[in-house]
Amino acid sequence: MFLSMGHAREQQLDRFEFPVLLVLATLGILLMISAHDLISLYLSLELQSLALYVVAAINRDSVKSTEAGLKYFVLGALSSGMLLYGMSLVYGFTGHTTFDAIATALSAETRSLGLVFGLVFVLAGLAFKISAVPFHMWTPDVYEGAPTPVTAFFAGAPKVAAMAILTRIVVTAFHPVLADWQQIIVFISIASMVLGSFAAIGQRNFKRLMAYSSIGHMGYALVGLAAGTKTGVSGVMLYMVIYMVMTLGSFAIIMAMRRKDGRQVESIEDLAGLSATNPFMAVVLTALMFSLAGIPPLAGFFGKYFVFVAAIQAHLYALAIIGVLASVVGAYYYLRVIKVMWFDEAKDEFTRTAGSLRLVFGLSGLFVITYVFFGGVIGGAADLAAATLF
């Protein structure tokens, strides 16, 4: 909401419904993370989703925004149906809806084929929310079409919430059938990392690039979850905190890409010569791109390091190796953004950046650069949080 203040009028967000819908979505997110029961999980997920469908299409004068909202709604309804069907199967084969009772029922008896089908559907519904492959198809179009402040919200909060509840449900409710869900998580993790790395190479629109980047990053976070250990869950939490800060900083810079005539631009080529026209923004975006690529000693490196260590400790060597190779491929398109900023000739400079945007991307850049000095505190908090699930 703080990011959207300067953009409210141009992007048709200066309506009283906008902050109300964001608060409702946030309430859904907080309830979802706290859910201990399949029914409360579903209700909170829908509270969040219904608000997000409207927010995606809030700029009714824009064809792209309307299309983004419609695509998100249709595919979101499909994923909700799959999730609900999976939950009904899990309830049918265990007789419980609370996570602890499901885990107890699974420990007491041998798992049935019907339960595995239910597990697959539940994971598919939640994988849609984190835009993991093969449930990622909505992400690039919705990121590009929705107003940029809305995209920044989509890229941060709902992703973190969905990853949190995915972690909670597999570790708490389905831990007795770890071998079954681990295979699914490993598959969607590898698919997300590979598609995120290769599909982003040809992108020219910065928002679409960030969409494919987010698909890849969800894949890296799932590497830690696939380990199924306390170290892995701690790595996932740490990764999501770092990812959220990097993403918010990147979107604040995308929102600052505005020409002198007031026109908003989103192409990577529009960043040409930014180092000469706006050195502060160029330095911050360089730090964020290097961090997203996982270059040490920036924050993004530590996020990847801990999830890969957890995978190696769980003997998932192939997963860790594929993750490292995907990171190398992914570094290419982040480096291309840096190359355009520092080595291309400036065509036109951006208008003066709003103070709210400068504050957000400045703090984000400071976080990724100085993370090495205070990362231990965040790591300790992540370990404490992970310990509650085991």
How about Y334 and S213: does a side-chain donor come under 3.5 Å of a side-chain acceptor? yes
Could you tell me whether the side chain of M193 reaches within less than 4.5 Å of the side chain of L319, counting heavy atoms only? yes
R259 atom CZ, neighbour heavy-atom count above 12 within 6.0 Å: yes
Please answer: with hydrophobic residues joined when any side-chain heavy atoms are less than 4.5 Å apart, are L50 and L30 in the same cluster? no
Do H217 and Y239 have a side chain donor and acceptor closer than 3.5 Å? yes
Heavy-atom donor-acceptor pair, S189 side chain to G219 backbone, under 3.5 Å: yes
Please determine whether the number of non-hydrogen atoms from other residues, nucleotides or ligands lying under 6.0 Å from atom CZ of F198 exceeds 12. no
Is it true that atom CZ of F374 has more than 12 heavy atoms of other residues, nucleotides or ligands lying nearer than 6.0 Å? yes
Are L366 and M244 linked, directly or through other ILVMFWY residues, by side chains that come within less than 4.5 angstrom of each other? no
Exceeds 12 heavy-atom contacts within 6.0 angstrom, atom CG of L359: yes
Any Lys/Arg nitrogen of K207 or E144 sitting under 4.0 Å from an Asp/Glu carboxylate oxygen of the other? no
Counting only N and O atoms by type, is there a donor-acceptor contact under 3.5 Å from the side chain of S234 to the main-chain atoms of K230? no
Is it the case that atom OH in Y53 sees more than 12 heavy atoms from other parts of the structure closer than 6.0 Å? yes
Side chains of V337 and L209: closer than 4.5 Å at any heavy-atom pair? yes
Quick check: are there more than 12 heavy atoms from other residues, nucleotides or ligands sitting under 6.0 Å from CZ of F390? yes
Measure the shortest side-chain to side-chain distance between S80 and F128 over non-hydrogen atoms and say whether it is less than 4.5 angstrom. no
Test your reading of the model: is there a side-chain donor-acceptor pair from Q264 to the backbone of I254, 3.5 Å cut-off? yes
Count I, L, V, M, F, W, Y as connected when their side-chain heavy atoms are under 4.5 Å apart, and connections chain through other members. Are L285 and F280 then in the same cluster? yes
Y85 OH: over 12 foreign heavy atoms closer than 6.0 Å: no
Validation row, ring centre F117 to ring centre F121 under 6.0 Å: no
Measure centre to centre between the rings of Y243 and Y220, then say whether the value is under 6.0 Å. no
